[in-house]
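Worksheet for the structure shown next.
The model shown is predicted, which means the values in this text are computed figures rather than measured ones. Chain naming here is simple, since letters A, B, ... match the order of the sequence lines and numbering starts at 1 in each.
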Amino acid sequence: MTFDYHEPTSVREAIELSARFGGDGRFLAGGTDLMVQIHRGRLNPRHVVSLQCVPGLDGIEVDGAVRLGARVTHRRLESAEAFQGALRGLAEGAEVVGGHQVRNVATVGGNIVNASPAADVVVVLLALDATLTCLGPAGERTVALDGFATAPGVTGLRPNELLTRASFPRLAPRSATVFLKAGRRRAMEISIACVAARVTLDDLERCQDVRIALGAVAPTAIRARAAERHLEARPLTDGLMRETGRIAAAECRPIGDVRASARYRALLVATLVPRALARCLERIKLGAP
Amino acid sequence: MTRIALSLTINGQTHDVLAEPHRTLLDVLRTDLGLIGTKENCLEAECGVCTVLLEGAAVNACILLAAQCQGRAIVTIEGLAAPGQLHPLQRAFIDHGAVQCGYCIPGMILAAKAYLDTNPEPDGDGVREALAGNLCRCTGYQRIIDAVLSAARALRTSPPSQAAR
Ligand SMILES: Cc1cc2nc3c(=O)[nH]c(=O)nc-3n(C[C@H](O)[C@H](O)[C@H](O)COP(=O)(O)OP(=O)(O)OC[C@H]3O[C@@H](n4cnc5c(N)ncnc54)[C@H](O)[C@@H]3O)c2cc1C
Ligand code: FES
Ligand code: FES
(Lines give C-alpha, C1' and ligand atoms only; values in the text may rest on other atoms or scores of the structure.)
(Ligands and ions follow the chains in the order given, each with its own letter.)
Protein backbone atom coordinates (compact mmCIF):
# COMPACT_ATOMS: atom_id res chain seq x y z
CA MET A 1 0.00 0.00 0.00
CA THR A 2 1.52 3.23 -1.17
CA PHE A 3 -0.15 6.30 -2.56
CA ASP A 4 0.29 10.00 -3.05
CA TYR A 5 -1.73 12.32 -0.87
CA HIS A 6 -3.50 15.42 -2.13
CA GLU A 7 -5.29 18.10 -0.21
CA PRO A 8 -7.27 20.30 -2.60
CA THR A 9 -8.62 23.54 -1.18
CA SER A 10 -11.59 24.01 -3.48
CA VAL A 11 -14.31 21.85 -4.98
CA ARG A 12 -12.99 22.65 -8.44
CA GLU A 13 -9.48 21.55 -7.59
CA ALA A 14 -10.84 18.34 -6.05
CA ILE A 15 -12.68 17.48 -9.25
CA GLU A 16 -9.70 18.41 -11.44
CA LEU A 17 -7.46 16.10 -9.43
CA SER A 18 -9.95 13.30 -9.60
CA ALA A 19 -10.35 13.78 -13.37
CA ARG A 20 -6.57 13.64 -13.71
CA PHE A 21 -6.23 10.40 -11.69
CA GLY A 22 -9.31 8.61 -13.00
CA GLY A 23 -9.59 5.09 -11.62
CA ASP A 24 -6.26 5.49 -9.78
CA GLY A 25 -7.70 8.09 -7.41
CA ARG A 26 -10.03 8.00 -4.42
CA PHE A 27 -11.63 10.71 -2.34
CA LEU A 28 -10.93 10.45 1.38
CA ALA A 29 -13.42 11.78 3.92
CA GLY A 30 -13.39 10.13 7.37
CA GLY A 31 -11.51 7.11 6.07
CA THR A 32 -13.54 4.68 8.20
CA ASP A 33 -14.40 2.67 5.10
CA LEU A 34 -11.62 3.65 2.70
CA MET A 35 -8.65 3.21 5.04
CA VAL A 36 -10.00 -0.11 6.29
CA GLN A 37 -10.36 -1.33 2.68
CA ILE A 38 -6.82 -0.19 1.95
CA HIS A 39 -5.46 -1.95 5.04
CA ARG A 40 -7.24 -5.12 4.00
CA GLY A 41 -5.69 -4.90 0.54
CA ARG A 42 -9.10 -4.66 -1.13
CA LEU A 43 -8.37 -1.23 -2.54
CA ASN A 44 -5.06 0.05 -3.69
CA PRO A 45 -5.45 3.62 -4.97
CA ARG A 46 -2.37 5.41 -6.30
CA HIS A 47 -3.76 8.80 -5.29
CA VAL A 48 -5.79 9.71 -2.26
CA VAL A 49 -7.58 13.04 -2.49
CA SER A 50 -8.54 14.28 0.96
CA LEU A 51 -11.68 16.39 1.22
CA GLN A 52 -10.75 17.84 4.60
CA CYS A 53 -9.67 21.24 3.29
CA VAL A 54 -12.40 21.61 0.67
CA PRO A 55 -14.68 24.40 1.87
CA GLY A 56 -18.46 24.31 1.57
CA LEU A 57 -18.95 20.62 2.28
CA ASP A 58 -19.63 20.67 5.99
CA GLY A 59 -22.77 22.76 6.39
CA ILE A 60 -26.09 21.76 7.94
CA GLU A 61 -28.59 24.19 6.46
CA VAL A 62 -32.24 24.23 7.39
CA ASP A 63 -34.52 26.64 5.54
CA GLY A 64 -37.08 25.72 2.86
CA ALA A 65 -35.26 22.39 2.63
CA VAL A 66 -32.62 20.67 4.72
CA ARG A 67 -29.15 20.40 3.18
CA LEU A 68 -26.38 18.27 4.61
CA GLY A 69 -22.87 18.80 3.28
CA ALA A 70 -21.16 15.55 2.27
CA ARG A 71 -18.50 16.03 4.95
CA VAL A 72 -20.95 16.46 7.84
CA THR A 73 -19.95 13.86 10.43
CA HIS A 74 -22.31 11.46 12.19
CA ARG A 75 -21.27 13.18 15.40
CA ARG A 76 -22.66 16.46 14.15
CA LEU A 77 -25.90 14.89 12.95
CA GLU A 78 -26.56 13.31 16.32
CA SER A 79 -25.95 16.52 18.24
CA ALA A 80 -27.57 19.05 15.86
CA GLU A 81 -30.45 20.98 17.39
CA ALA A 82 -32.34 20.69 14.08
CA PHE A 83 -32.58 16.91 14.46
CA GLN A 84 -33.99 16.68 17.97
CA GLY A 85 -37.65 17.25 16.99
CA ALA A 86 -39.64 15.76 14.11
CA LEU A 87 -36.38 14.86 12.35
CA ARG A 88 -35.11 12.92 15.36
CA GLY A 89 -34.86 9.76 13.23
CA LEU A 90 -31.80 11.25 11.54
CA ALA A 91 -29.99 11.71 14.85
CA GLU A 92 -31.06 8.19 15.83
CA GLY A 93 -29.52 6.77 12.66
CA ALA A 94 -26.28 8.69 13.17
CA GLU A 95 -25.81 7.95 16.86
CA VAL A 96 -25.61 4.18 16.35
CA VAL A 97 -22.84 4.26 13.76
CA GLY A 98 -19.70 2.70 15.27
CA GLY A 99 -18.29 4.21 18.45
CA HIS A 100 -17.36 7.80 19.25
CA GLN A 101 -14.01 7.53 17.47
CA VAL A 102 -15.73 6.45 14.25
CA ARG A 103 -18.55 8.98 14.48
CA ASN A 104 -16.14 11.85 15.11
CA VAL A 105 -14.71 11.44 11.61
CA ALA A 106 -17.13 9.32 9.54
CA THR A 107 -19.29 11.36 7.17
CA VAL A 108 -22.70 11.36 5.53
CA GLY A 109 -21.07 11.43 2.08
CA GLY A 110 -18.93 8.41 2.91
CA ASN A 111 -21.94 6.50 4.21
CA ILE A 112 -23.79 7.18 0.93
CA VAL A 113 -20.94 6.52 -1.53
CA ASN A 114 -19.70 3.46 0.32
CA ALA A 115 -23.15 2.01 -0.44
CA SER A 116 -23.24 -0.70 2.18
CA PRO A 117 -26.70 -2.30 2.42
CA ALA A 118 -26.38 -1.68 6.17
CA ALA A 119 -25.59 2.06 5.94
CA ASP A 120 -27.69 3.38 8.81
CA VAL A 121 -27.87 7.06 7.85
CA VAL A 122 -28.71 6.17 4.24
CA VAL A 123 -31.78 4.29 5.47
CA VAL A 124 -33.05 7.39 7.27
CA LEU A 125 -32.28 9.62 4.28
CA LEU A 126 -34.28 7.25 2.05
CA ALA A 127 -37.27 7.70 4.32
CA LEU A 128 -36.80 11.47 3.96
CA ASP A 129 -36.89 11.37 0.11
CA ALA A 130 -33.35 12.71 -0.04
CA THR A 131 -31.76 13.86 -3.28
CA LEU A 132 -28.04 14.04 -3.91
CA THR A 133 -26.01 16.75 -5.56
CA CYS A 134 -23.10 15.44 -7.60
CA LEU A 135 -20.53 17.73 -9.13
CA GLY A 136 -18.26 16.68 -11.97
CA PRO A 137 -16.20 18.20 -14.76
CA ALA A 138 -19.42 18.50 -16.80
CA GLY A 139 -21.23 20.38 -14.04
CA GLU A 140 -23.74 19.72 -11.32
CA ARG A 141 -26.62 17.26 -11.33
CA THR A 142 -29.23 16.19 -8.81
CA VAL A 143 -30.25 12.56 -8.43
CA ALA A 144 -32.59 10.71 -6.11
CA LEU A 145 -30.95 8.76 -3.30
CA ASP A 146 -33.50 6.01 -3.97
CA GLY A 147 -31.86 3.91 -6.66
CA PHE A 148 -28.44 5.61 -6.32
CA ALA A 149 -26.90 2.48 -4.85
CA THR A 150 -27.34 -0.39 -7.29
CA ALA A 151 -25.40 -3.18 -5.53
CA PRO A 152 -23.24 -3.45 -2.43
CA GLY A 153 -20.49 -0.85 -2.87
CA VAL A 154 -21.78 0.32 -6.26
CA THR A 155 -23.51 3.64 -6.95
CA GLY A 156 -24.52 5.85 -9.83
CA LEU A 157 -21.75 8.32 -9.00
CA ARG A 158 -19.85 8.89 -12.22
CA PRO A 159 -16.09 8.72 -12.39
CA ASN A 160 -14.63 12.09 -11.31
CA GLU A 161 -17.84 13.14 -9.63
CA LEU A 162 -17.85 14.49 -6.12
CA LEU A 163 -20.91 14.13 -3.93
CA THR A 164 -21.39 17.57 -2.44
CA ARG A 165 -24.59 17.25 -0.42
CA ALA A 166 -27.78 15.39 0.42
CA SER A 167 -30.99 17.42 0.62
CA PHE A 168 -34.55 16.68 1.64
CA PRO A 169 -37.76 18.68 2.03
CA ARG A 170 -38.80 20.06 5.41
CA LEU A 171 -41.46 17.92 7.08
CA ALA A 172 -45.12 18.88 7.00
CA PRO A 173 -46.82 19.60 10.34
CA ARG A 174 -47.94 16.47 12.24
CA SER A 175 -44.94 14.44 11.08
CA ALA A 176 -42.42 12.29 12.88
CA THR A 177 -39.40 10.14 12.02
CA VAL A 178 -37.97 7.12 13.81
CA PHE A 179 -34.95 4.90 13.26
CA LEU A 180 -34.59 1.47 14.87
CA LYS A 181 -31.65 -0.89 14.55
CA ALA A 182 -31.14 -4.48 15.60
CA GLY A 183 -27.60 -5.71 16.13
CA ARG A 184 -26.00 -8.43 18.20
CA ARG A 185 -25.04 -5.88 20.83
CA ARG A 186 -26.05 -2.34 21.63
CA ALA A 187 -23.10 -0.39 20.28
CA MET A 188 -20.27 -0.72 17.73
CA GLU A 189 -22.36 -3.07 15.67
CA ILE A 190 -23.31 -3.27 12.02
CA SER A 191 -27.09 -3.61 11.61
CA ILE A 192 -28.59 -7.08 11.27
CA ALA A 193 -31.66 -5.18 10.15
CA CYS A 194 -32.70 -1.56 10.55
CA VAL A 195 -35.81 0.42 9.79
CA ALA A 196 -36.53 4.10 9.28
CA ALA A 197 -40.08 5.39 9.22
CA ARG A 198 -41.55 8.80 8.43
CA VAL A 199 -45.22 9.43 9.03
CA THR A 200 -47.39 12.46 8.36
CA LEU A 201 -50.98 12.35 9.64
CA ASP A 202 -53.92 14.36 8.34
CA ASP A 203 -56.52 16.08 10.54
CA LEU A 204 -58.53 12.85 10.75
CA GLU A 205 -55.51 10.90 12.09
CA ARG A 206 -55.09 9.06 8.80
CA CYS A 207 -51.74 8.48 7.13
CA GLN A 208 -51.26 11.25 4.65
CA ASP A 209 -47.69 10.45 3.73
CA VAL A 210 -45.59 7.50 4.87
CA ARG A 211 -42.11 6.22 4.08
CA ILE A 212 -40.64 2.96 5.32
CA ALA A 213 -36.99 2.22 4.53
CA LEU A 214 -35.07 -0.93 5.37
CA GLY A 215 -31.36 -1.60 5.80
CA ALA A 216 -29.28 -4.80 5.73
CA VAL A 217 -32.11 -6.89 4.25
CA ALA A 218 -31.41 -6.49 0.51
CA PRO A 219 -28.34 -5.80 -1.65
CA THR A 220 -28.89 -2.09 -1.03
CA ALA A 221 -30.92 -0.07 1.46
CA ILE A 222 -34.49 -0.11 0.09
CA ARG A 223 -37.91 1.42 0.49
CA ALA A 224 -40.75 -0.96 1.38
CA ARG A 225 -43.17 0.44 -1.17
CA ALA A 226 -45.99 -2.10 -0.80
CA ALA A 227 -45.92 -1.54 2.95
CA GLU A 228 -46.08 2.22 2.43
CA ARG A 229 -49.05 1.88 0.07
CA HIS A 230 -50.85 -0.35 2.53
CA LEU A 231 -51.07 2.55 4.98
CA GLU A 232 -52.39 5.18 2.56
CA ALA A 233 -55.27 7.20 4.01
CA ARG A 234 -55.78 4.78 6.89
CA PRO A 235 -55.46 5.37 10.61
CA LEU A 236 -52.52 3.62 12.30
CA THR A 237 -54.20 0.92 14.35
CA ASP A 238 -52.18 -1.82 16.05
CA GLY A 239 -53.55 -4.44 13.66
CA LEU A 240 -52.73 -2.35 10.58
CA MET A 241 -49.20 -1.68 11.80
CA ARG A 242 -48.58 -5.40 12.36
CA GLU A 243 -49.94 -6.22 8.89
CA THR A 244 -47.68 -3.57 7.41
CA GLY A 245 -44.71 -5.19 9.14
CA ARG A 246 -45.53 -8.52 7.50
CA ILE A 247 -45.85 -6.88 4.10
CA ALA A 248 -42.46 -5.19 4.54
CA ALA A 249 -40.93 -8.51 5.59
CA ALA A 250 -42.22 -10.06 2.37
CA GLU A 251 -40.71 -7.21 0.34
CA CYS A 252 -37.17 -7.61 1.60
CA ARG A 253 -34.58 -9.98 0.15
CA PRO A 254 -32.27 -10.72 3.04
CA ILE A 255 -29.22 -12.93 2.99
CA GLY A 256 -27.99 -15.17 5.78
CA ASP A 257 -24.48 -14.44 7.02
CA VAL A 258 -22.37 -14.58 10.19
CA ARG A 259 -24.63 -12.03 11.85
CA ALA A 260 -28.03 -13.62 11.26
CA SER A 261 -30.02 -15.97 9.06
CA ALA A 262 -32.22 -14.62 6.28
CA ARG A 263 -35.31 -15.80 8.13
CA TYR A 264 -34.34 -14.02 11.31
CA ARG A 265 -33.74 -10.81 9.36
CA ALA A 266 -37.24 -11.00 7.85
CA LEU A 267 -38.68 -11.62 11.31
CA LEU A 268 -36.87 -8.56 12.60
CA VAL A 269 -38.39 -6.44 9.82
CA ALA A 270 -41.86 -7.72 10.73
CA THR A 271 -41.23 -6.61 14.31
CA LEU A 272 -39.28 -3.39 13.79
CA VAL A 273 -41.67 -1.86 11.24
CA PRO A 274 -44.76 -1.82 13.51
CA ARG A 275 -42.59 -0.65 16.39
CA ALA A 276 -41.22 2.23 14.33
CA LEU A 277 -44.71 3.22 13.14
CA ALA A 278 -46.08 3.10 16.69
CA ARG A 279 -43.25 5.30 17.88
CA CYS A 280 -43.91 7.81 15.08
CA LEU A 281 -47.54 7.96 16.18
CA GLU A 282 -46.48 8.50 19.78
CA ARG A 283 -44.14 11.31 18.76
CA ILE A 284 -46.75 13.05 16.63
CA LYS A 285 -49.19 12.93 19.57
CA LEU A 286 -46.56 14.27 21.97
CA GLY A 287 -45.61 17.01 19.54
CA ALA A 288 -49.22 17.97 18.75
CA PRO A 289 -50.28 21.36 20.09
CA MET B 1 7.85 6.63 -2.89
CA THR B 2 8.94 10.16 -2.16
CA ARG B 3 8.62 11.33 1.39
CA ILE B 4 6.91 14.54 2.33
CA ALA B 5 7.83 16.98 5.08
CA LEU B 6 5.22 17.04 7.81
CA SER B 7 4.97 19.38 10.71
CA LEU B 8 2.91 17.79 13.48
CA THR B 9 1.79 19.37 16.73
CA ILE B 10 1.80 16.65 19.34
CA ASN B 11 1.26 17.29 23.02
CA GLY B 12 1.91 20.97 22.42
CA GLN B 13 5.24 20.40 20.73
CA THR B 14 6.01 20.72 17.04
CA HIS B 15 7.69 17.75 15.39
CA ASP B 16 9.10 17.87 11.86
CA VAL B 17 9.14 14.48 10.18
CA LEU B 18 9.77 13.16 6.71
CA ALA B 19 7.28 10.42 5.94
CA GLU B 20 5.72 8.65 3.00
CA PRO B 21 2.25 10.09 2.33
CA HIS B 22 0.47 6.79 2.94
CA ARG B 23 1.73 6.40 6.50
CA THR B 24 -0.73 6.61 9.34
CA LEU B 25 -0.44 8.87 12.35
CA LEU B 26 -0.19 5.74 14.50
CA ASP B 27 2.81 4.50 12.57
CA VAL B 28 4.57 7.87 12.66
CA LEU B 29 3.91 8.29 16.39
CA ARG B 30 5.34 4.89 17.23
CA THR B 31 8.08 4.46 14.63
CA ASP B 32 9.38 7.95 13.97
CA LEU B 33 8.66 9.72 17.24
CA GLY B 34 9.02 6.89 19.74
CA LEU B 35 5.66 7.74 21.28
CA ILE B 36 4.73 4.12 21.93
CA GLY B 37 2.03 4.81 24.52
CA THR B 38 -0.43 4.77 21.61
CA LYS B 39 -0.94 1.08 20.86
CA GLU B 40 -1.40 -0.83 17.63
CA ASN B 41 -3.71 -3.76 17.09
CA CYS B 42 -6.52 -4.22 14.56
CA LEU B 43 -5.73 -1.33 12.17
CA GLU B 44 -9.45 -1.31 11.30
CA ALA B 45 -10.96 1.22 13.73
CA GLU B 46 -12.56 -1.60 15.72
CA CYS B 47 -10.60 -1.87 18.98
CA GLY B 48 -9.66 1.65 20.02
CA VAL B 49 -6.15 0.95 21.36
CA CYS B 50 -4.79 3.58 18.96
CA THR B 51 -7.10 6.35 20.22
CA VAL B 52 -5.61 9.85 20.31
CA LEU B 53 -7.23 13.25 20.61
CA LEU B 54 -7.42 15.32 17.44
CA GLU B 55 -8.51 18.86 18.22
CA GLY B 56 -9.92 17.44 21.44
CA ALA B 57 -11.99 14.66 19.81
CA ALA B 58 -11.20 10.95 20.18
CA VAL B 59 -10.12 9.40 16.88
CA ASN B 60 -8.46 6.18 15.76
CA ALA B 61 -4.88 6.93 14.73
CA CYS B 62 -4.69 3.68 12.74
CA ILE B 63 -6.96 4.98 9.98
CA LEU B 64 -5.79 8.59 10.07
CA LEU B 65 -2.98 9.60 7.73
CA ALA B 66 -0.19 11.58 9.35
CA ALA B 67 -0.53 13.95 6.39
CA GLN B 68 -4.11 14.72 7.45
CA CYS B 69 -2.94 15.98 10.83
CA GLN B 70 -0.88 18.98 9.81
CA GLY B 71 -1.93 22.11 11.61
CA ARG B 72 -4.21 20.18 13.95
CA ALA B 73 -3.46 19.64 17.65
CA ILE B 74 -2.85 16.03 18.66
CA VAL B 75 -2.73 14.72 22.23
CA THR B 76 -1.39 11.26 23.04
CA ILE B 77 -1.33 9.51 26.38
CA GLU B 78 2.20 10.87 26.93
CA GLY B 79 0.83 14.40 26.92
CA LEU B 80 -2.20 13.97 29.13
CA ALA B 81 -0.44 15.18 32.28
CA ALA B 82 2.77 17.05 32.97
CA PRO B 83 5.84 14.76 33.16
CA GLY B 84 5.94 12.85 36.43
CA GLN B 85 2.32 13.66 37.21
CA LEU B 86 -0.92 11.76 36.80
CA HIS B 87 -4.14 13.06 35.29
CA PRO B 88 -7.15 12.38 37.58
CA LEU B 89 -8.26 9.70 35.08
CA GLN B 90 -4.92 7.92 35.36
CA ARG B 91 -5.06 8.19 39.17
CA ALA B 92 -8.60 6.76 39.21
CA PHE B 93 -7.68 3.83 36.92
CA ILE B 94 -4.89 2.88 39.33
CA ASP B 95 -7.02 3.35 42.45
CA HIS B 96 -9.85 1.22 41.06
CA GLY B 97 -7.67 -1.64 39.85
CA ALA B 98 -8.95 -0.92 36.34
CA VAL B 99 -5.69 -1.94 34.66
CA GLN B 100 -4.61 -5.50 34.02
CA CYS B 101 -2.32 -6.08 31.04
CA GLY B 102 -2.69 -2.38 30.24
CA TYR B 103 -2.74 -2.63 26.47
CA CYS B 104 -6.14 -1.00 26.05
CA ILE B 105 -5.65 1.61 28.76
CA PRO B 106 -4.07 4.54 26.91
CA GLY B 107 -6.93 4.45 24.40
CA MET B 108 -9.52 3.99 27.14
CA ILE B 109 -8.22 6.95 29.08
CA LEU B 110 -8.12 9.28 26.07
CA ALA B 111 -11.61 8.25 24.93
CA ALA B 112 -12.80 8.88 28.49
CA LYS B 113 -11.04 12.24 28.58
CA ALA B 114 -12.73 13.41 25.38
CA TYR B 115 -16.07 12.28 26.77
CA LEU B 116 -15.69 13.93 30.17
CA ASP B 117 -14.58 17.18 28.55
CA THR B 118 -18.05 17.54 27.03
CA ASN B 119 -20.04 15.51 29.61
CA PRO B 120 -18.70 16.38 33.04
CA GLU B 121 -21.58 14.69 34.87
CA PRO B 122 -21.93 11.28 33.24
CA ASP B 123 -23.78 8.17 34.38
CA GLY B 124 -22.63 4.57 33.89
CA ASP B 125 -24.57 4.08 30.67
CA GLY B 126 -23.13 7.23 29.19
CA VAL B 127 -19.60 6.08 29.99
CA ARG B 128 -20.26 2.61 28.57
CA GLU B 129 -21.54 4.14 25.35
CA ALA B 130 -18.59 6.55 25.14
CA LEU B 131 -16.15 3.63 25.51
CA ALA B 132 -17.98 1.29 23.10
CA GLY B 133 -15.16 1.81 20.59
CA ASN B 134 -12.52 0.56 23.06
CA LEU B 135 -12.14 -3.15 23.63
CA CYS B 136 -10.56 -4.66 26.74
CA ARG B 137 -9.79 -8.38 26.91
CA CYS B 138 -8.84 -8.41 30.59
CA THR B 139 -10.88 -6.38 33.01
CA GLY B 140 -14.52 -7.07 32.17
CA TYR B 141 -14.98 -3.27 31.95
CA GLN B 142 -16.74 -2.70 35.28
CA ARG B 143 -13.69 -1.30 37.05
CA ILE B 144 -12.96 0.88 34.06
CA ILE B 145 -16.47 2.33 34.21
CA ASP B 146 -16.10 2.84 37.99
CA ALA B 147 -12.75 4.57 37.46
CA VAL B 148 -14.16 6.97 34.86
CA LEU B 149 -17.15 7.87 37.05
CA SER B 150 -14.84 8.45 39.99
CA ALA B 151 -12.50 10.58 37.86
CA ALA B 152 -15.49 12.63 36.73
CA ARG B 153 -16.32 13.38 40.39
CA ALA B 154 -12.70 14.24 41.12
CA LEU B 155 -12.52 16.55 38.10
CA ARG B 156 -15.70 18.34 39.18
CA THR B 157 -14.44 19.01 42.72
CA SER B 158 -10.84 19.80 41.85
CA PRO B 159 -9.95 20.27 38.21
CA PRO B 160 -6.28 19.50 37.52
CA SER B 161 -4.19 22.53 38.58
CA GLN B 162 -2.15 22.35 35.43
CA ALA B 163 -4.80 22.07 32.80
CA ALA B 164 -4.27 19.00 30.69
CA ARG B 165 -3.30 19.79 27.17
C1 LIG C 1 -15.64 0.16 13.52
C2 LIG C 1 -16.60 0.64 12.48
C3 LIG C 1 -17.96 0.60 12.73
C4 LIG C 1 -18.87 1.03 11.78
N5 LIG C 1 -20.20 1.00 12.08
C6 LIG C 1 -21.10 1.42 11.18
C7 LIG C 1 -22.49 1.40 11.48
O8 LIG C 1 -22.90 1.00 12.56
N9 LIG C 1 -23.36 1.86 10.55
C10 LIG C 1 -22.94 2.34 9.34
O11 LIG C 1 -23.77 2.76 8.55
N12 LIG C 1 -21.62 2.37 9.02
C13 LIG C 1 -20.70 1.91 9.91
N14 LIG C 1 -19.37 1.92 9.58
C15 LIG C 1 -18.97 2.32 8.23
C16 LIG C 1 -18.54 3.79 8.06
O17 LIG C 1 -18.14 4.36 9.28
C18 LIG C 1 -19.63 4.66 7.44
O19 LIG C 1 -20.05 4.13 6.22
C20 LIG C 1 -19.14 6.10 7.23
O21 LIG C 1 -20.24 6.94 7.08
C22 LIG C 1 -18.20 6.27 6.07
O23 LIG C 1 -17.82 7.63 6.01
P24 LIG C 1 -16.31 8.10 5.85
O25 LIG C 1 -16.34 9.59 5.83
O26 LIG C 1 -15.43 7.48 6.86
O27 LIG C 1 -15.98 7.51 4.41
P28 LIG C 1 -14.58 7.22 3.69
O29 LIG C 1 -14.03 5.96 4.20
O30 LIG C 1 -13.70 8.42 3.74
O31 LIG C 1 -15.11 7.02 2.21
C32 LIG C 1 -15.93 5.94 1.83
C33 LIG C 1 -16.06 5.89 0.31
O34 LIG C 1 -16.79 7.00 -0.16
C35 LIG C 1 -16.02 7.79 -1.05
N36 LIG C 1 -16.37 9.19 -0.72
C37 LIG C 1 -16.41 9.74 0.52
N38 LIG C 1 -16.90 10.99 0.47
C39 LIG C 1 -17.17 11.24 -0.84
C40 LIG C 1 -17.71 12.36 -1.54
N41 LIG C 1 -18.08 13.49 -0.90
N42 LIG C 1 -17.86 12.27 -2.89
C43 LIG C 1 -17.50 11.13 -3.55
N44 LIG C 1 -17.00 10.05 -2.94
C45 LIG C 1 -16.84 10.09 -1.59
C46 LIG C 1 -14.59 7.41 -0.79
O47 LIG C 1 -13.78 7.57 -1.94
C48 LIG C 1 -14.73 5.96 -0.42
O49 LIG C 1 -14.81 5.15 -1.56
C50 LIG C 1 -18.42 1.50 10.53
C51 LIG C 1 -17.04 1.55 10.28
C52 LIG C 1 -16.14 1.13 11.23
C53 LIG C 1 -14.68 1.19 10.93
S1 FES D 1 -5.60 -0.38 16.09
FE2 FES D 1 -6.80 1.35 15.68
S3 FES D 1 -8.74 0.76 16.33
FE4 FES D 1 -7.60 -1.08 16.57
S1 FES E 1 -6.28 -4.34 30.55
FE2 FES E 1 -5.69 -5.87 29.14
S3 FES E 1 -6.87 -5.32 27.38
FE4 FES E 1 -7.62 -4.00 28.88
Q. Between A/E95 and A/R103, does at least one N-O distance fall below 4.0 Å, as a salt bridge requires?
A. no
Q | Contact origin within A/L28 toward chain B - heavy atom pairs under 4.5 Å | A | side chain
**Q.** Short side-chain donor-acceptor distance under 3.5 Å, B/E129 and A/H100
**A.** yes
Q | Winner by heavy-atom pair count (cut-off under 4.5 Å) against chain A, out of B/A130, B/A132, B/A45, B/G107 | A | B/A130
Q. What distance separates A/S50 OG from A/F27 CZ, expressed to the nearest 0.5 Å?
A. 10.5 Å
Q. Checking B/L131 against chain A: side chain, backbone, both or neither under 4.5 Å from a heavy atom?
A. neither
Q) After noting the C-alpha distance and the side-chain angles of A/Q52 and B/R72, does the key distance pass the side-chain hydrogen bond (donor to acceptor under 3.5 Å, both in side chains) rule? A) CA-CA 12 Å; A/Q52 71 179 14; B/R72 302 160 92 188; 2.9 Å; yes
**Q.** Most chain A-contacting option - heavy-atom pairs closer than 4.5 Å, from B/L64, B/N60, B/I4
**A.** B/N60
